[in-house]
Amino acid sequence: MTTNRLPEFAINTRILSHPITGVQRYLLELLQRMPSDQMHQIAPRRPLSGARAHHWQQTVLPLRTRGQLHWGLSNIGHLAITKEAVAIHEIKYG
């Protein structure tokens, strides 16, 4: 008997459409090391930026992560996702 169980968590890979910097490199390393059956990669069909990217992240992404823990690596919290872990990179104090 097979189940159609969702992976344990969803990860937003939209940032991989941007030039490779530290955050993208961090995500690529994670993707290489995480079991693919435990994560659901989510990205828009084509690269987005600006207001369109923000709109996608606040509307489409929550619909596609329903019931899963969302692991966000882009310093962004989502208003409509209740189960979320957000990575904040390069915090400066004072």
Given the rule that I, L, V, M, F, W and Y join up when any side-chain heavy atoms are under 4.5 Å apart, are [X] and [Y] in one cluster?
X   : Y   : value
I42 : V86 : no
L61 : I15 : no
I81 : I88 : no

Kindly indicate whether the side chain of R64, heavy atoms from C-beta on, has any atom under 4.5 Å from the side chain of V60.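 R64 vs V60: side chains touch.
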Do R14 and Q41 have side-chain heavy atoms sitting under 4.5 Å apart?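 They are not in side-chain contact.
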Interatomic spacing from [atom1] in [X] to [atom2] in [Y] - rounded to 0.5 Å:
X   : Y   : atom1 : atom2 : result
L48 : H18 : CG    : NE2   : 8.0 Å
M39 : F9  : CE    : CZ    : 5.5 Å
K83 : R66 : NZ    : CZ    : 13.5 Å

With sequence neighbours excluded, tell me which residues meet salt bridge (Lys or Arg N to Asp or Glu O under 4.0 Å) with E29.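 Listed in chain order: R33.
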So which heavy atom on [X] is nearest to which on [Y], and how close?
X   : Y   : answer
L73 : V23 : O-CG1, 3.3 Å
T65 : A10 : CG2-CB, 3.7 Å
Q58 : G77 : NE2-O, 3.4 Å

With sequence neighbours left out, what residues match H89 under ring pair (Phe, Tyr, Trp, His ring centres under 6.0 Å)?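 Scan of H89 (ring pair (Phe, Tyr, Trp, His ring centres under 6.0 Å), adjacent residues dropped) gives Y26.
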Who pairs with W56 by ring pair (Phe, Tyr, Trp, His ring centres under 6.0 Å), at least two apart in sequence or on another chain?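 For W56, no residue satisfies ring pair (Phe, Tyr, Trp, His ring centres under 6.0 Å) once neighbours in sequence are set aside.
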Would I11 and L27 count as a side-chain contact (heavy atoms from CB on, under 4.5 Å) here? Give the steps. CA-CA 9 Å; I11 191 164; L27 175 55; 3.5 Å; yes
Chi angles and distances behind the side-chain contact (heavy atoms from CB on, under 4.5 Å) call for N12, Q57: CA-CA 9 Å; N12 180 358; Q57 290 197 155; 3.1 Å; yes
Are H40 and Q68 close enough, and set up right, to give a side-chain contact (heavy atoms from CB on, under 4.5 Å), and what steps lead you there? CA-CA 9 Å; H40 177 206; Q68 294 176 293; 3.3 Å; yes
If we count only N and O atoms by modelled type, under 3.5 Å, do the side chains of T21 and Q24 hold a donor and an acceptor together?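 Looking only at side-chain atoms, Q24 and T21 do form a donor-acceptor pair, the distance falling under 3.5 Å.
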Ignoring hydrogens and geometry beyond distance, is a side-chain donor-acceptor pair present between H78 and E84 at under 3.5 Å?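 Result is yes, a qualifying pair exists.
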Assess the residue pair L30 and W71 against the criterion (side-chain contact (heavy atoms from CB on, under 4.5 Å)); give the C-alpha distance rounded to whole Å, side-chain angles, the decisive distance to 0.1 Å, and a yes or no. CA-CA 11 Å; L30 286 173; W71 188 4; 3.7 Å; yes
Tell me whether Q32 at atom CD has more than 12 heavy atoms from other residues, nucleotides or ligands lying less than 6.0 Å away.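 Yes - once you tally the heavy atoms of other residues, nucleotides and ligands closer than 6.0 Å, there are more than 12.
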